[in-house]
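Note on naming: letters A, B, ... go to the chains in the order of the sequence lines (proteins, then strands), and numbering restarts at 1 for each one.
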Amino acid sequence: MSADAPRTEIVQMTPEQAKSRRARNVAIALAIVALVVLFYVVTIAKLGLGVLNKGAW
Amino acid sequence: MSFVSEQEDRLSAAGVSTAQPGDYLALLKPRVMSLVVLTALAGMLIAPQPSHPVIGFAALLAIAVGAGASGALNMWYDADIDALMGRTSLRPIPAGRVLPGEALAFGLVLSALSVFTLGVLANWLSAALLAFTIFFYAVVYTMWLKRWTPQNIVIGGAAGAFPPVVGYAAVTGSVSLESLVLFAIIFVWTPPHFWALALVKSEDYARAGVPMMPNALGGDRTRLEILVYSLVLAPLGVAPWLMGFASWVYGLVAIAGGAAMIHYAVGVWRAREGEAARKACMSLFGASILYLFALFIELVVENGPAQALARLAQSIVS
């Protein structure tokens, strides 16, 4: 890296900002997990419980 | 929108947002969502064939999120006037907790996600109706009608009236006269409900430059229209019973509720000044919420748990 390369500016978050961002990240993670579960359960419901029966394959 | 750019500057200077998940939840207008869930559920339950409970739940969730998304888009566009009104100044954007751009992205992502989910899980007619509902509320009402005509909430009320039609379509893949009657009830209910509050908050709307009926055409005209809409609403509310898709219990609730709506609308018509006028308006506002909740809760109860119990009893007997 040359000495002329632009320096990356790092934002130092306040404790309040860090806490808020963590809370938002957790909320997004929970929403994504809920969406995955929802699509899985609805898929099973649409296909019928027979799809879980190995003998039916 | 100078207010919005000031907010952008202030928050971007701070660097990173301090918005909590609760602020994003507030963007979805949870109280409006609760009414949407109830009315959409009623639309689903009056369908001739029962919905699969899991698919029904998923469809209801998608409809609720779609309604919430349109609320977020409304708050994004209206942030400048929300800041000027006491009732709305503490909303996440005017209070400075959420950036306008964040609310816009949140609303757009949830709109697309809810429409796609409803289309994939239920059917594409209901998804198209949900998309139209979001468009109607966010664009036709919020961006066009609200700041242009005193008939804003009359026409815009269609957005709030669509959920039973969307719910019915999610189960059946079609639109029926029954679901359109539920649409009509909410459509006619909206003006007296909203104008009762607008009469009390007319100074707020005048300050924000929003031509609501009381500050645009005056209190007398508003009171007359409230009375007329209530007189139309009372018999319309009974229609589900007369048409045979609701029980006599619903009929009694609708007759009593309709009489109460007319009673309180007459109260608003009579009391025109001072504290008595304010009280009459708030009484009608409260009664109108109870009225709509009572009608749709009754529809849900008699078509949901009551019918399930009847089917269970029949299977035991046979």
Residue B/Phe57 excluded, over 12 heavy atoms near CZ under 6.0 Å:
no

Can you list the steps and then say if B/Thr117 with A/Phe39 is a side-chain contact (heavy atoms from CB on, under 4.5 Å)?
CA-CA 9 Å; B/Thr117 303; A/Phe39 271 80; 4.0 Å; yes

Is a donor on one side and an acceptor on the other found under 3.5 Å between the side chain of A/Lys46 and the backbone of B/Ile55?
no

For the residue pair A/Leu35 and B/Leu113, establish whether any side-chain heavy-atom pair is separated by less than 4.5 Å.
yes

Side chain to side chain contact (heavy atoms under 4.5 Å, CB included) partner of B/Thr18, chosen from A/Lys19, A/Arg21, A/Gln17:
A/Gln17

Is A/Arg24 reaching over with its side chain to a backbone N or O of B/Ala19, donor-acceptor style, under 3.5 angstrom?
yes

